[in-house]
Amino acid sequence: MAKDWPLWEIFIRGQYGLSHRHVGSLHAPDAEMAVLNARDVYTRRNEGVSLWVVKSADVTASAPSRKGPMFDPSNDKTYRHPTFFDIPDDVGSM
Amino acid sequence: MYAQEVKSTGKGVKAPEEMSVQERAFQARIDAGEKIEPKDWMPDGYRKNLVRQISQHGHSEVVGQLPEGNWITRAPTLERKAILLAKVQDEAGHGLYLYSAAETLGVSRADLIDDLLSGKAKYSSIFNYPTLNWADMGAVGWLVDGAAIVNQVALQRTSYGPYSRAMVRICKEESFHARQGFDIMMKMSSGTAAQKAMAQDALNRLWWPALMMFGPPDAESVHSAQSMAWKIKVMTNDEGRQKFVDQTIPQIEYLGLEVPDSAAKLNRETGHYSYSDPDWAEFFAVLKGNGPCNVDRLRARNIAHIEGAWFRDGLMAHAQKQQLAAE
């Protein structure tokens with residue numbers, strides 16, 4: 001038997017209308033226990049109204065070393081931002 | 001503090017010209033106040049120091065349940081019992097946040113726990129002192145959690161993202177702990193003469209161990225410089241201790257108790273209180289395993305771990321059976 005229970009990433013919806021947000025991780029034998037443990041570990045004081053648990057092994061992350069090539073475009077394509085365009089004041093708000 | 005014996009790599013802090021290009025870029029990120037995240041490149045020494053500090057911190061939370069857990073069944077009222085139970089549950093939660101943060105650095109939970117159980121890993125010296133009576137529940141919450149808050153508020157600014165986020169969560173919960181302790185102290189100090197004497201006695205016994213929580217004086221704290229440069233530590237031992245003394249002495253006066261240190265005096269110019277050195281020989285003896293309760297604490301953790309094994313294994317066996325049935 002593996003020494004550690006599988007690791008789960010925990011996401012909480014803080015209140016209705018907001019997205020689930022990553023809050024941390026914990027070990028649990030299965031998804032059902034992960035939800036129960038997450039309730040005890042991460043929501044002892046009204047922190048949420050809904051929980052997601054995802055096996056950490058199932059998360060695919062972007063590599064930090066590729067931060068440049070991965071996220072640059074939005075910065076050098078300044079026309080993506082509304083402030084790139086000069087609209088005369090007479091036009092009013094747009 | 002909760003990590004009083006973090007031995008660094010042994011080398012001093014490198015000058016920028018001694019650093020590799022990667023190390024220099026890393027230090028520049030830290031100096032700019034950027035947080036480091038798990039998958040980022042980091043020097044081996046940074047990773048090692050962090051694992052030691054975060055795991056010692058986590059172990060302190062876990063072992064810290066024992067001196068108070070001892071009094072749950074003997075709390076004087078049902079309300080006090082419920083409050084203490086909630087506090088001890090919080091400490092378990094804090095241990096879990098910290099273990100999770102340590103694991104993001106590539107160590108396994110099982111190894112961390114094995115190191116605690118074998119005595120290889122350290123935890124805070126404070127939890128090797130006994131809690132003799134109900135007044136100690138007041139003094140522990142007020143002084144020990146009060147000292148922890150001073151340290152942990154500062155650590156919210158630590159450079160490692162997962163550690164910093166764990167500190168933010170912990171700080172939100174910790175002030176309940178200190179306040180419930182002070183509440184017990186207020187009740188006892190305004191009670192009968194015998195109750196007030198118990199409160200004073202608890203303060204007398206726990207004051208010095210609380211001061212020791214911040215670790216040895218800066219002049220003797222040989223491993224701090226590198227941790228400060230990496231912002232693993234963000235406040236020196238003496239800075240934390242002074243802050244704690246300054247905030248606590250007026251509270252002692254409010255309670256109508258006596259500060260157990262005749263040298264404690266307010267310097268009106270600096271706004272700081274002077275205080276005597278705790279017995280550092282005692283501190284190092286406790287850290288080495290020779291405190292009043294070191295053996296008891298480790299024995300209690302080992303028994304809990306061994307006696308809980310069938311339950312942990314059972315849950316895992318059940319999960320595997322369910323998975324097989326579903327396939």
Side-chain angles (χ1 to χ4, degrees), chain A residues 1-15 18-49 51-72 75, chain B residues 22 25-26 29 34 36-42 85-104 107-114 161-163 165-166 168-170 172-173 175-176 309-326:
Chain A
M1 199 168 285
K3 278 181 98 184
D4 276 327
W5 284 338
L7 190 64
W8 302 80
E9 299 301 323
I10 312 302
F11 298 81
I12 296 177
R13 186 197 295 286
Q15 58 187 72
L18 297 180
S19 312
H20 284 75
R21 224 177 130 190
H22 183 245
V23 292
S25 55
L26 52 77
H27 290 275
D30 56 26
E32 199 187 335
M33 283 300 299
V35 170
L36 292 176
N37 289 352
R39 185 255 159 246
D40 283 348
V41 178
Y42 290 106
T43 64
R44 287 193 301 280
R45 289 180 176 80
N46 290 324
E47 284 90 342
V49 293
L51 272 170
W52 286 351
V53 302
V54 179
K55 250 192 186 161
S56 305
D58 291 338
V59 174
T60 307
S62 65
S65 58
R66 289 191 32 86
K67 196 171 100 196
M70 191 89 167
F71 301 109
D72 245 1
N75 283 336
Chain B
Q22 248 176 337
F26 179 81
R29 287 185 65 192
E34 236 179 84
I36 308 301
E37 294 297 339
K39 297 201 163 175
D40 294 348
W41 183 87
M42 58 187 82
L85 195 58
K87 179 188 188 293
V88 173
Q89 188 194 19
D90 276 351
E91 306 299 357
H94 296 178
L96 291 175
Y97 305 154
L98 286 156
Y99 284 151
S100 292
E103 284 174 280
T104 63
V107 288
S108 85
R109 175 78 58 98
D111 289 344
L112 292 175
I113 290 174
D114 282 350
Y163 192 25
R165 292 192 285 276
V168 172
R169 290 189 65 86
I170 287 177
K172 272 191 200 151
E173 302 180 346
S175 67
F176 145 59
W310 69 272
F311 185 66
R312 294 191 300 275
D313 291 347
L315 284 177
M316 196 66 227
H318 174 74
Q320 282 165 345
K321 208 165 101 185
Q322 295 299 112
Q323 203 185 347
L324 279 176

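Just so it is clear: chains get the letters A, B, ... in the order the sequence lines come, proteins before strands, and each one is counted from 1.
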Given A:Pro29, which of B:Met316, B:Gln322, B:His318, B:Gln320 fulfils the side chain to side chain contact (heavy atoms under 4.5 Å, CB included) condition?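 Only one of B:Met316, B:Gln322, B:His318, B:Gln320 forms a side chain to side chain contact (heavy atoms under 4.5 Å, CB included) with A:Pro29, namely B:Met316.
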With a cut-off of 6.0 Å (strictly less than), are more than 12 heavy atoms of other residues, nucleotides or ligands near CG of A:Asp58?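 Count over threshold, so yes.
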When rounded to the nearest 0.5 angstrom, what is the spacing between [atom1] in [X] and [atom2] in [Y]?
X: B:Asp111; Y: A:Asp4; atom1: CG; atom2: CG; result: 7.5 Å
X: A:His27; Y: B:Ser108; atom1: NE2; atom2: OG; result: 7.5 Å
X: A:Ser25; Y: B:Arg109; atom1: OG; atom2: CZ; result: 7.5 Å
X: B:Ser100; Y: A:Trp8; atom1: OG; atom2: CH2; result: 14.5 Å

Please report the C-alpha distance between B:Tyr99 and A:Leu26 in whole Å, then the side-chain angles of each, then the deciding distance to 0.1 Å, and finally whether the side chain to side chain contact (heavy atoms under 4.5 Å, CB included) criterion is met. CA-CA 9 Å; B:Tyr99 284 151; A:Leu26 52 77; over 6 Å; no
Check whether any side-chain heavy atom of A:Arg45 lies under 4.5 Å from a side-chain heavy atom of B:Lys172, and answer yes or no.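 The answer is no, as the side chains (C-beta and beyond) never meet within the 4.5 Å cut-off.
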Residue, of B:Asp40, B:Thr104, B:Leu315, B:Asp90, that accumulates the most heavy atom pairs under 4.5 Å with chain A: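 That would be B:Asp90.
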Out of B:Ala319, B:Ala101, B:Ala110, B:Ala166, which one racks up the most heavy-atom pairs below 4.5 Å with chain A?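 Sorted descending by pairs with chain A, the first entry is B:Ala110.
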For B:Tyr97 and A:Tyr42, indicate whether the former's side chain and the latter's backbone hold a donor-acceptor pair under 3.5 Å.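 It does not hold such a pair.
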Of the backbone (N, CA, C, O) and the side chain (C-beta and beyond), which part of B:Glu37 lies under 4.5 Å from a heavy atom of chain A, both, or neither?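 Neither part.
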Atom group of B:Arg165 that falls short of 4.5 Å from chain A, counting heavy atoms: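 For B:Arg165, there is no contact with chain A at all, as no heavy atom is under 4.5 Å.
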With only heavy atoms counted, which part of A:Glu32 is less than 4.5 Å from chain B, the side chain, the backbone, both or neither?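 The answer is neither part of A:Glu32.
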Return the minimal non-hydrogen interatomic distance between B:Arg312 and A:Trp5, and the atom names on each side.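 It is O-NE1, 3.4 Å.
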Would you name the heavy atoms of B:Lys39 and A:Ala61 that are closest together and state the gap between them?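 Looks like NZ-CB, 4.0 Å.
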Could you tell me whether A:Asp30 and B:Lys321 have a side-chain N and a carboxylate O separated by less than 4.0 Å?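 Salt bridge flag = no for B:Lys321 with A:Asp30.
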